[in-house]
Amino acid sequence: MAKGLFPRAWVKKSFYFQARISFVRVKYLFLTWLAVLVGSWVLYVQYSAYTELCRGHECKNAICDKYRKGIIDGSACSSLCDKDTLYLSRCLSTLANNQVYTGSWGDHDGIIRCKLGEVVHLELGEEPEPRRETPVFDKPTRGTSVEKFREMVFNHLKSKLGEQTNLASLVSQILTVADGNKDGRVSLPEARSAWALLQMDEVLLGLLLQDRGHTPRLLGFCGDLYMTERVHYGPLYGLSLPWPLVSWVPSSMQRSMDQWFTPSWPRKAKISMGLLELVEDLFHGTYGSFLICDLAAAHFGYTDRHELRLTDARAVVSEDEFKRTMRALKCETDADCVYGVDCKTLCDLSEKRCKEEPVQPNLAKACGTLKDYLLRGAPSGMREELERQLYSCMALKGSNAGQMNMEHSLILNNLKALLWRQISHTKDS
């Protein structure tokens, strides 16, 4: 009897063991299939996002088509469309209608930007429609004289910058840039390209600030596609976390991590002086005063000589345009009176309109940005004084223009002098 039971028990155990192995195999097969499915979906989403955002070939084709038809011309057109010596390399675009690429042109490395028209979102299975383009190359019209074009540029600058005594010299500078082939005259296709570029505030502000070394130099253009010098080190500080980690890392930890990946302190001091000099030149510049309405580190970079560059001039607005915009804003509370990210005014509750004077000047916001950046690793002998000056700077207010001008200049000069004393004797100066 016992002998009969043993084989039966063994068969049951063997069957159970085989069934368990089969279950494990099915389980791992299912998990493998699931991993392949999820991985394929992620790759599809990434590829779809890339093809949606990175449309540089469309930009080039549209620009070169207009160049070959004689509608536009510029210093980069022949290299881009005929000689193929201007290359679009790595895609940096974050918006489908604003194409950004790294690029090379002969010995120059740069950043290439190009505007696309409205991007049409398609459902699965739909046929693509022709891209809807904005007619940006319809001015100046055929028959427009150089003097008439000069007048057009002057009036455009006046609308952007307000009444300035030296606008005529700026117009001459822009016409010199517009003369792409340097033959001493601006052709109609070159004028159309220059006019299209001037409609983009970041290009105009870049031209205003590049002579002082604050923005990357404009290398060339064709239509509204243009190339500027590449700033190899950016952002000013910080670490770009992968998107799944952003929501999991506390903001306080992110602020600490931002300061881990920065240059040595003397080099940080030199970069910071560059930001203070930018603020100084914007305060009462050659072509009026300007406000920085987003002092995020991502908008700044620096060269291998640790010279600061403003890499995104869209963060800057002329004071004249800012005041005009704020006067037109209706409000219920102060929270309604914001331009950009952090240019704020107060709400006049009696008139339900925003006031035009900014609450905080550029310098106060710049010092707020530099506080953690400069205090981390600062020499012990000057840390207390540096901290005191930074907090005094951050306390600046925008009211009472005459008094603010004096305080602004005093605090700015003291802060620059303190930093310079620390680095003037080092090789980083």
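Worth saying up front: this structure is predicted, and the values here are computed from it rather than measured.
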Undergrad: Any donor-acceptor pair under 3.5 Å linking the side chain of Ser93 with the backbone of Val100?
TA: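 Looks like yes, one N/O pair under 3.5 Å.
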Undergrad: Output yes when a side-chain donor or acceptor of Arg192 lies under 3.5 Å from a complementary backbone atom of Pro140, and no otherwise.
TA: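 Confirmed, Arg192 side chain pairs with Pro140 backbone.
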Undergrad: Begin with the C-alpha distance, continue with both residues' side-chain angles, and end with the deciding distance and a verdict on side-chain contact (heavy atoms from CB on, under 4.5 Å) for Thr286 and Asp211.
TA: CA-CA 11 Å; Thr286 308; Asp211 287 344; over 6 Å; no
Undergrad: Check whether any side-chain heavy atom of His299 lies under 4.5 Å from a side-chain heavy atom of Pro235, and answer yes or no.
TA: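 Not touching, per the 4.5 Å side-chain cut-off.
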Undergrad: Does the side chain of Lys60 come within less than 4.5 Å of Leu225's, by heavy atoms?
TA: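 Side-chain contact under 4.5 Å: no.
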Undergrad: Could you tell me whether Asp281 and Arg212 have a side-chain N and a carboxylate O separated by less than 4.0 Å?
TA: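 The answer is yes: the pair qualifies as a salt bridge.
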Undergrad: Any heavy-atom pair between the side chains of Ile271 and Tyr373 that's under 4.5 Å?
TA: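 In short, these two side chains touch, coming nearer than 4.5 Å.
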Undergrad: So, for Leu415 and Leu386, which heavy atoms are closest and what is the spacing to 0.1 Å?
TA: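 Looking at all heavy atoms of both residues, the closest pair is CD1-CD1, 4.0 Å.
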Undergrad: Taking NZ in Lys83 as the centre, count heavy atoms belonging to other residues, nucleotides or ligands within less than 6.0 Å. Is the count above 12?
TA: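 Not buried by this count: 12 neighbours or fewer within 6.0 Å.
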Undergrad: Going through the distances and angles, do Lys416 and Glu280 end up as a salt bridge (charged side-chain N to carboxylate O under 4.0 Å, His left out)?
TA: CA-CA 11 Å; Lys416 285 172 60 179; Glu280 186 174 22; 2.9 Å; yes
Undergrad: For Ser289, does its backbone N or O pair with a side-chain atom of Glu319 as donor and acceptor, under 3.5 Å?
TA: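 A pair under 3.5 Å: no.
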Undergrad: Any chance you could lay out the disulfide (SG to SG under 2.5 Å) test for Cys114 and Cys59, step after step, and finish with the verdict?
TA: CA-CA 6 Å; Cys114 177; Cys59 243; 2.0 Å; yes
Undergrad: Side chain to side chain donor-acceptor pair (under 3.5 Å) with Tyr302: which residues, sequence neighbours excluded?
TA: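 Checked Tyr302 against side chain to side chain donor-acceptor pair (under 3.5 Å); zero matches.
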Undergrad: Identify the heavy atoms of Tyr101 and Gly56 that sit nearest to each other, and give their distance.
TA: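 Heavy-atom minimum between the residues: OH-N, 2.9 Å.
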Undergrad: I'd like to know if Cys331 pairs up with Cys354 as a disulfide, counting it only when the SG to SG distance is below 2.5 Å.
TA: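 Answer is no: Cys354 does not pair with Cys331 in a disulfide.
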Undergrad: Which heavy atom in Ala313 sits nearest to a heavy atom in Leu205, and how many Å separate them?
TA: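 It is O-CD1, 3.5 Å.
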Undergrad: What pairs of donor and acceptor atoms, side-chain ones from residues 332-346 against any protein atom, are under 3.5 angstrom apart with sequence neighbours left out?
TA:
| residue | atom | partner | partner atom | Å |
| --- | --- | --- | --- | --- |
| Glu332 | OE1 | Lys352 | NZ | 3.3 |
| Thr333 | OG1 | Ala335 | N | 3.3 |
| Asp334 | OD1 | Cys347 | N | 2.8 |
| Asp336 | OD2 | Glu332 | N | 2.8 |
| Asp336 | OD2 | Thr333 | N | 3.1 |
| Thr345 | OG1 | Lys355 | O | 2.9 |

Undergrad: Between CD of Glu229 and CG of Leu218, what distance do you get to the nearest 0.5 Å?
TA: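 The CD atom of Glu229 sits 9.5 Å away from the CG atom of Leu218.
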Undergrad: Between Phe300 and Asp312, is the side-chain contact (heavy atoms from CB on, under 4.5 Å) condition met? List the steps.
TA: CA-CA 7 Å; Phe300 299 90; Asp312 190 350; over 6 Å; no
Undergrad: List the atom of Trp105, the atom of Ser79, and the distance in Å for their closest heavy-atom pair.
TA: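 Scanning both residues completely, I find the closest heavy atoms to be NE1-OG, 3.0 Å.
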Undergrad: Are Phe283 and Leu363 packed together at the side-chain level, in the sense that at least one heavy-atom pair is separated by less than 4.5 angstrom?
TA: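 Sidechains of Leu363 and Phe283: no contact.
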Undergrad: Check whether the SG atoms of Cys54 and Cys91 are less than 2.5 Å apart, and answer yes or no.
TA: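 The answer is yes, since Cys91 and Cys54 bring their SG atoms under 2.5 Å apart.
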Undergrad: Counting N and O atoms only, with roles assigned by atom type, does the side chain of Asp179 sit under 3.5 Å from a partner on the main chain of Gly184, one being a donor and the other an acceptor?
TA: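 It does hold such a pair.
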Undergrad: Nearest 0.5 angstrom please: Met273 CE to His306 NE2, how far?
TA: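 Those atoms lie 15.0 Å apart.
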Undergrad: Can you check whether Arg185 reaches Val146 side chain to side chain, under 4.5 Å on heavy atoms?
TA: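 They are not in side-chain contact.
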Undergrad: Please test Phe290 against Val317 for side-chain contact (heavy atoms from CB on, under 4.5 Å), starting from the C-alpha separation and ending with a verdict.
TA: CA-CA 6 Å; Phe290 296 83; Val317 61; over 6 Å; no
Undergrad: Within the 4.5 Å heavy-atom criterion, are Ile112 and Leu86 side-chain neighbours or not?
TA: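 Side-chain contact under 4.5 Å: yes.
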Undergrad: Can you name the closest pair of heavy atoms from Ile63 and Phe137 and give their distance?
TA: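 Closest approach of Ile63 to Phe137: CD1-CZ, 4.2 Å.
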Undergrad: Donor-acceptor pair, distance only, cut-off 3.5 Å: does the side chain of Lys268 make one with the backbone of Ala378?
TA: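 A pair under 3.5 Å: no.
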Undergrad: What is the distance from atom OG of Ser145 to atom CE of Met152, rounded to the nearest 0.5 Å?
TA: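 One finds 10.5 Å between OG of Ser145 and CE of Met152.
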Undergrad: Let me see the working for Tyr226 and Ser75 under side-chain contact (heavy atoms from CB on, under 4.5 Å), right down to the final yes or no.
TA: CA-CA 10 Å; Tyr226 65 98; Ser75 55; over 6 Å; no
Undergrad: Can any side-chain N or O of Glu384 pair as donor or acceptor with the backbone N or O of Gly381 at less than 3.5 Å?
TA: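 Answer holds: no.
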Undergrad: Partners of Arg353 by side-chain contact (heavy atoms from CB on, under 4.5 Å), sequence neighbours excluded?
TA: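 Applying side-chain contact (heavy atoms from CB on, under 4.5 Å) to Arg353 gives Lys330, Glu351.
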Undergrad: I would like to know whether Glu357 and Lys323 meet salt bridge (charged side-chain N to carboxylate O under 4.0 Å, His left out); could you show each step before the answer?
TA: CA-CA 7 Å; Glu357 293 299 331; Lys323 288 182 176 180; 3.4 Å; yes
Undergrad: To the closest 0.5 Å, what do you measure between CD1 (Ile72) and OG (Ser187)?
TA: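 Ile72 CD1 to Ser187 OG: 11.0 Å, rounded to 0.5 Å.
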Undergrad: Do the side chains of Leu276 and Leu419 get nearer than 4.5 Å, heavy atoms only?
TA: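 Yes, their side chains come closer than 4.5 Å.
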Undergrad: Looking at Lys160, is its backbone amide N or carbonyl O close enough to the side chain of Ser318 to form a donor-acceptor pair, meaning the two atoms are under 3.5 Å apart?
TA: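 At least one qualifying donor-acceptor pair exists.
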Undergrad: Look only at the side chain of Lys365 and the backbone of Ile292, and say whether a donor-acceptor pair between them is shorter than 3.5 Å.
TA: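 Pair found, side chain donor or acceptor close to backbone of Ile292.
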Undergrad: Donor-acceptor check, side chain of Ser193 to backbone of Asp73, threshold 3.5 angstrom: yes or no?
TA: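 A pair under 3.5 Å: yes.
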Undergrad: Salt bridge check, Arg324 against Glu356: does any charged N sit closer than 4.0 Å to a carboxylate O?
TA: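 A salt bridge is absent here (no side-chain N lies under 4.0 Å from a carboxylate O).
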Undergrad: Is the shortest distance from a Lys or Arg side-chain nitrogen in Glu202 or Arg314 to a carboxylate oxygen in the other one below 4.0 Å?
TA: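 A salt bridge is absent here (no side-chain N lies under 4.0 Å from a carboxylate O).
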Undergrad: Can you check whether His57's main-chain N or O pairs, donor with acceptor, with Asn61's side chain at less than 3.5 Å?
TA: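 At least one qualifying donor-acceptor pair exists.
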Undergrad: Less than 4.5 Å apart, side chain to side chain, heavy atoms only: is that true for Leu170 and Gln173?
TA: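 Yes, side chains in contact.
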Undergrad: How long is the span from the OH atom in Tyr287 to the CG atom in Leu209, to the nearest 0.5 Å?
TA: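 The CG atom of Leu209 is 10.5 Å from OH of Tyr287, to the nearest 0.5 Å.
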Undergrad: How far does CG of Asp82 sit from SG of Cys77, to the nearest 0.5 angstrom?
TA: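 Answer rounded to 0.5 Å: 9.0 Å.
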Undergrad: Of the non-hydrogen atoms in Leu188 and Arg142, which two are nearest, and what is the gap between them?
TA: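 Shortest heavy-atom contact: CD2-CA, 3.8 Å.
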